[in-house]
Amino acid sequence: MRPGNHTIDEERQGEAVGPRSGNKGGRKLYLESYGCQMNFSDSEIVASILADAGYATTKEEGEADLILLNTCSIRDNAEQRIRHRLQHLKRGKRNNPKLKVGILGCMAERLRDQLLEEEKLVDLVVGPDAYRDLPRLVDEVEGGQKAVNTLLSREETYAEIQPVRLDDKGVTGFISIMRGCDNMCSFCVVPFTRGRERSRDPQSIVSEAHDLFAKGYREVTLLGQNVDSYKWNVDVKGQVKDPEQPIVRFAQLMDLVSDVNPDLRVRFSTSHPKDMTDEVLEVMARKDNLCKYIHLPVQSGHSDVLKRMNRGYTREWYKNRIAAIRRIMPDCAISTDVIAGFCGETLEEHEATLSLMNEVRYEMAYMFKYSERPRTLAERKFEDDVPEEEKGRRLSEIISVQKGHSMERTAAQCGKIYRILVEGPSKKNKEEYQGRNTYNTVVVFSRTDEQPGQYAYVRTTDHTAATLRGESVEEAVAVKEGFVA
Ligand code: 5AD
Ligand code: SF4
């Protein structure tokens, strides 16, 4: 899982877990996830719903009776990759006619008939709000029929479903706090694939956090397309629904979750510049276990482009939000998303993005070429007129500017002691551990007595643009010399 703890990674492939108990029918499910963290989190809900219907998850694709791909539509290349995977699976079915293949998530929502009827790539198509219907749909498929449900809902939050945790390390987990998105950014397919925004009952969120802590988890990431617009017990016009109950917005929710235990770290993703309040920043500043890291996608540094993108803020507004973060939490790490070559983007507008990056100096960024998506406002209203090659050139400039800033960030974090949550062996060298500091920077250090799920104190000595390296020190040394919590 990528350390950025954020939205998209089309490179990421599903991780499935070993067989789970209670496997009534002895059938095996292989579940593969693509895209954002929300999808990975949804897959854990799917695993839970299908476990109750007799399916145990397996890590071995070859022993599966049912293969489900939880898919992403955010950019065309994400969909192309999944399409190739489906074609590969279809060929594999020739040797194993009993195998059923289904598609879940955003591509299922977007392309249902095409995948099922025209290209005959799958047996089953289920959209993000229809997972409760999976047992019935899977039954139909087992009976030899094709099955589909892509109904979107205004209420579904899967609030009371206990996810089956698919990340077997058991240290960091996701909690989805809301679903859907009402923002209608003109480039974005999400409102069409995930429907209207709705928030989940705060009690069920807090109890999920308690449950994860009791199981040994030490970090939760609260997930939503726009966490700053989380609201409970208040309608869209701001009216209280139940006067007997408190109103819970994102600031209060973070307060509640951070109270679960001081040793439970809390992160969240994704914030929206137009909705991020000082109140949220003040709660973060007050509590050590609310990690000092904010992902605040800017998309473009020019107000005219932001207007065409329908982002709901200007360059000045965005800079004001950055200033608020710096004022309230001077050391907070900030990362962003940038799109290169949006419709009508002039050279001057592109340079405004570079200049904004130079002003903010993000610790990290996810950077993309604009990819036109069917049905979006941009597709209907604007021409995708920046040539592919020019998009690539602008993206390279953006990446190279960011690389310098990322290097600055890790250099500045060198030579200090950090409290690190140990996540497990380092990816590159099993003799070393890896974890992250509060700023979400990956820290690699030689193995000591600490176990995954415990905190270690690490003095950083070396760095690349993305990673810090260091040596663990005794707690007494950390306390004496001072450390970053
Ligand atoms: N083209 C390129 N990037 C996109 N994103 C969303 N839609 C598109 C698109 N059509 C990026 C945005 C968003 C991130 C999740 O993906 O930067 O913040
Ligand atoms: Fe997540 Fe769907 Fe958006 Fe992809 S398109 S990032 S899966 S919400």
Side-chain angles (χ1 to χ4, degrees), residues 2 4-12 33-41 71-81 105-107 109-110 128 179-194 221 223-229 268-276 294-302 305-306 308-313 318 321 334-345 350 353 356-357 360 362 364-388 390-392 394-396 398-399 402:
R2 110 164 142 189
N5 247 351
H6 145 73
T7 41
I8 309 295
D9 188 348
E10 291 137 16
E11 307 297 330
R12 271 183 62 189
S33 308
Y34 296 80
C36 64
Q37 290 172 336
M38 189 69 92
N39 256 14
F40 282 71
S41 167
T71 61
C72 176
S73 294
I74 198 93
R75 282 171 290 276
D76 186 55
N77 55 2
E79 287 199 349
Q80 290 314 332
R81 190 169 299 129
C106 292
M107 254 177 103
E109 195 63 45
R110 208 179 81 67
R179 300 181 70 81
C181 183
D182 282 351
N183 288 322
M184 296 302 269
C185 300
S186 64
F187 51 77
C188 189
V189 77
V190 173
F192 304 96
T193 59
R194 289 191 164 262
T221 301
L223 291 181
Q225 300 296 343
N226 174 2
V227 291
D228 296 295
S229 71
F268 55 89
S269 188
T270 300
S271 305
H272 197 302
K274 81 177 162 58
D275 297 320
M276 194 187 69
I294 299 181
H295 183 66
L296 197 65
V298 66
Q299 316 297 0
S300 163
H302 198 291
V305 180
L306 291 169
R308 294 202 292 282
M309 287 178 164
N310 200 28
R311 288 287 288 174
Y313 56 86
Y318 186 88
R321 294 293 74 212
I334 307 174
S335 62
T336 201
D337 291 345
V338 181
I339 297 179
F342 184 64
C343 308
E345 187 187 69
H350 162 64
T353 297
L356 184 91
M357 292 173 77
V360 179
Y362 296 103
M364 207 245 311
Y366 299 107
M367 300 154 284
F368 313 102
K369 277 196 273 185
Y370 172 60
S371 162
E372 185 175 83
R373 307 311 291 133
R375 287 177 70 198
T376 55
L377 280 175
E379 188 236 10
R380 285 180 277 148
K381 252 172 93 177
F382 306 120
E383 204 181 326
D384 180 12
D385 55 359
V386 178
E388 198 52 30
E390 178 60 13
K391 282 183 191 169
R394 293 182 190 179
L395 180 64
S396 313
I398 289 169
I399 291 173
Q402 182 52 44

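Indexing begins at 1, ligand by ligand and atom by atom, following the structure's order. Note that the structure is predicted; figures quoted are calculated from it, not measured. Residues take their numbers from the sequence shown, with the count starting at 1.
Contacts of E372 with ligand 1, taken as heavy-atom pairs under 4.0 Å, are absent altogether. Only the side chain of F368 comes within contact range of ligand 1, with a heavy atom under 4.0 Å; no backbone atom does. Proximity of I74 to ligand 1, defined as any heavy-atom pair under 4.0 Å, is shared by backbone and side chain alike.
Taking S41 as the reference, F174, S176, L223 meet the side-chain contact (heavy atoms from CB on, under 4.5 Å) condition, with sequence neighbours excluded.
The ligand atoms of ligand 1 that sit less than 4.0 angstrom from a heavy atom of D337 are 13 (C), 14 (C), 15 (C), 17 (O), 18 (O). Using a 4.0 Å cut-off to heavy atoms of K369, the atoms of ligand 1 that qualify are 1 (N), 2 (C). Near Q299, meaning under 4.0 Å from any of its heavy atoms, are these atoms of ligand 1: 12 (C), 13 (C), 17 (O), 18 (O).
At a threshold of 4.5 Å between non-hydrogen side-chain atoms, the residues Q225 and N183 do not count as touching.
Between H295, R75, Q225, it is R75 that holds the heavy atom closest to atom 16 (O) of ligand 1.
Under 4.0 Å is where a charged nitrogen must lie from a carboxylate oxygen, and between E379 and R375 no such pair does. Electrostatic pairing of E388 and K369 counts as a salt bridge here, judged by a charged N lying under 4.0 Å from a carboxylate O.
Polar contact with ligand 1: absent for Y370 (N/O pair, distance under 3.5 Å).
Closest non-hydrogen pair, I74 versus C188, comes out as CD1-SG, 4.4 Å.
The cationic atom of R75 (NZ for Lys, CZ for Arg) lies less than 6.0 Å from the six-membered ring centre of F368 and within 45° of the ring axis.
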